[in-house]
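Everything below concerns the one structure shown next.
One-based numbering, in listed order, for ligands and for the atoms of each. Nothing fancy with the numbering, it's 1 onward along the sequence.
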Amino acid sequence: MDKNLFTDASQRLEKALNYVSISDDAIEHLKYAKASLQVSIPVRMDDGSLKIFPGYRVRYDDTRGPTKGGVRYHPNVGLDEVTSLAFWMTFKCAVLNLPFGGAKGGITLNPKRLSKLELERLSRGYVNAIADFIGPNVDILAPDIYTNSMIMGWMMDQYSIIQRQITPAVVTGKPVTIGGSLGRNTATATGAFYVIENIMAKFDRLPRETTVAIQGFGNAGAELAELLAKFGYKVVAVSDSQGGIYAKQGLDIPSIRRCKQFIKGMQAVYCEGTVCSIMEHQVLTNAELLTLDVDLLIPAALENQITVENAHNIQARFIFEVANGPITSEADRILEEQGIYVFPDILVNAGGVTVSYFEWVQNRNGFYWTLSEVNQRLKEKMIEETENIWRISQEFGVSMRTAAYIHGLNRLGEAINTKGTRDYYVNG
Ligand SMILES: NC(=O)C1=CN([C@@H]2O[C@H](COP(=O)(O)OP(=O)(O)OC[C@H]3O[C@@H](n4cnc5c(N)ncnc54)[C@H](OP(=O)(O)O)[C@@H]3O)[C@@H](O)[C@H]2O)C=CC1
Ligand SMILES: O=C(O)CCC(=O)C(=O)O
């Protein structure tokens with residue numbers, strides 16, 4: 001892809017703009033991030049040396065509420081990627097009608113090379129560096145790729161130390177023992193599962209007749225693989241950063257999860273093991289997994305996996321984007337021409353931020369919900385917004401992605417116009 005990720009991401013708006021009445025001021029407002037912070041994080045390594053890691057936090061838009069979004073630890077993290085992810089968060093929160101704007105953060109590194117203590121110093125150092133930029137009413141952090149509840153716990157604790165008061169609502173996805181919500185760990189997958197079930201019912205498709213391939217076997221991908229298998233779908237292929245496995249008759253997902261966990265060991269933070277090391281299955285590359293002849297293809301890892309290079313070879317009938325931004329805009333056009341239904345990230349993976357919202361509400365109230373309350377509320381929200389987007393897509397004859405952007409734009413445009421465009425300031 002020769003254009004950058006943000007240029008590609010913002011092009012998704014163009015089609016949707018033909019179907020909404022939104023002021024030029026609001027459109028101009030949505031083209032730019034509100035504020036971007038780039039920091040250098042010093043970390044004392046276990047061997048006594050000092051290393052500096054680049055970190056970012058982008059608050060894209062806060063018209064609808066405090067900004068919200070995860071923090072990613074990955075070698076590809078950079079300002080362009082974080083800005084794109086913050087842009088998607090803005091639309092995701094609007095699509096789910098959460099009282100949040102969008103943000104994202106990240107640190108450029110391979111976290112698998114750090115010890116647990118180095119990771120803790122890094123995570124606390126990140127919060128020290130961005131403390132003035134975040135807050136429970138300003139910008140709220142959460143997990144994303146290669147960050148987890150343990151890291152969220154350290155971040156919340158560090159912010160509380162800086163503020164000299166316990167501030168659980170500045171971070172979501174924390175361990176349940178220190179204010180996390182039940183169901184947040186499984187929320188992204190559970191939300192995606194509700195969307196898939198709703199859409200499959202519209203196409204009269206039964207789980208046992210439906211084959212699935214999933215790229216990415218982490219928090220989102222592995223959890224969703226297990227849920228789908230439990231409800232009778234035939235999950236025939238899964239993969240992680242090192243490659244994938246395929247079995248025509250379907251994979252035993254719980255046992256694959258146990259094996260990967262076992263290889264990880266008790267002390268390691270990240271899995272060094274891979275699904276490919278599990279014997280008796282056919283091994284395949286990530287590229288091969290994407291072009292398998294399956295009913296459902298579920299990218300649940302990184303951006304830009306389906307591009308002009310491989311879009312013509314995709315055989316799946318439905319693609320559910322659990323990852324953020326796995327399909328480029330040119331690839332989207334090719335898939336649409338091929339009659340492949342694509343269900344967009346800003347709907348499909350929104351279960352995570354929805355339960356993050358529930359966690360934030362519980363933290364502010366100091367009153368905690370049961371798992372069934374969390375999942376019931378999640379289900380209602382996911383189904384309501386899937387139905388809204390489906391209806392828009394039918395009404396205007398547009399793809400589910402364009403329909404989702406129409407839906408988000410309507411809510412964002414109204415909020416921006418209601419607030420005023422801030423082109424002058426009374427009393428500064
Ligand atoms: N966690 C959340 O709440 C949410 C996550 N998302 C999105 O879902 C996606 C996955 O996030 P999450 O599951 O949390 O992340 P995790 O860190 O838990 O898991 C990431 C998974 O992706 C695999 N992976 C990494 N690089 C590649 C690659 N090049 N090819 C194939 N697989 C790869 C990893 O492999 P390995 O195991 O070998 O390291 C791992 O299995 C991201 O796009 C994220 O933004 C969206 C909404 C919410
Ligand atoms: O839970 C959250 O606040 C955000 C999760 C996230 O980063 C995402 O949806 O991409």
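Contact analysis leaves T274 out of contact with ligand 1, as no non-hydrogen atom separation drops below 4.0 angstrom. Not close to ligand 1: H74, with no non-hydrogen atom less than 4.0 angstrom away. The shortest separation from a heavy atom of E303 to ligand 1 is not under 4.0 Å, leaving the residue out of contact.
Distances below 4.0 Å separate heavy atoms of D240 from the following atoms of ligand 1: 31 (C), 32 (N), 33 (C), 35 (O), 36 (P), 37 (O), 38 (O), 41 (O). The contact set between ligand 1 and K260, taken as ligand atoms under 4.0 Å from a residue heavy atom, comprises 36 (P), 37 (O), 38 (O).
Heavy-atom proximity to atom 9 (O) of ligand 2, evaluated over K68, R72, K92, is greatest for K92.
Annotation: A142 places no N or O atom under 3.5 Å from an N or O atom of ligand 2; distance criterion only. Geometrically, ligand 1 and S239 share no nitrogen or oxygen pair separated by less than 3.5 Å.
Under the 3.5 Å distance criterion, with hydrogens and angles disregarded, no donor-acceptor pair is assigned to the side chains of S239 and Q215. R364 and N137 share a donor-acceptor pair across their side chains, judged by distance under 3.5 Å alone.
Taking the charged nitrogens against the carboxylate oxygens, E336 and K15 do have a contact shorter than 4.0 Å, which makes a salt bridge.
Screening E384, E385, K381, R64 for a side chain to side chain donor-acceptor pair (under 3.5 Å) with N97, the sole residue that qualifies is R64.
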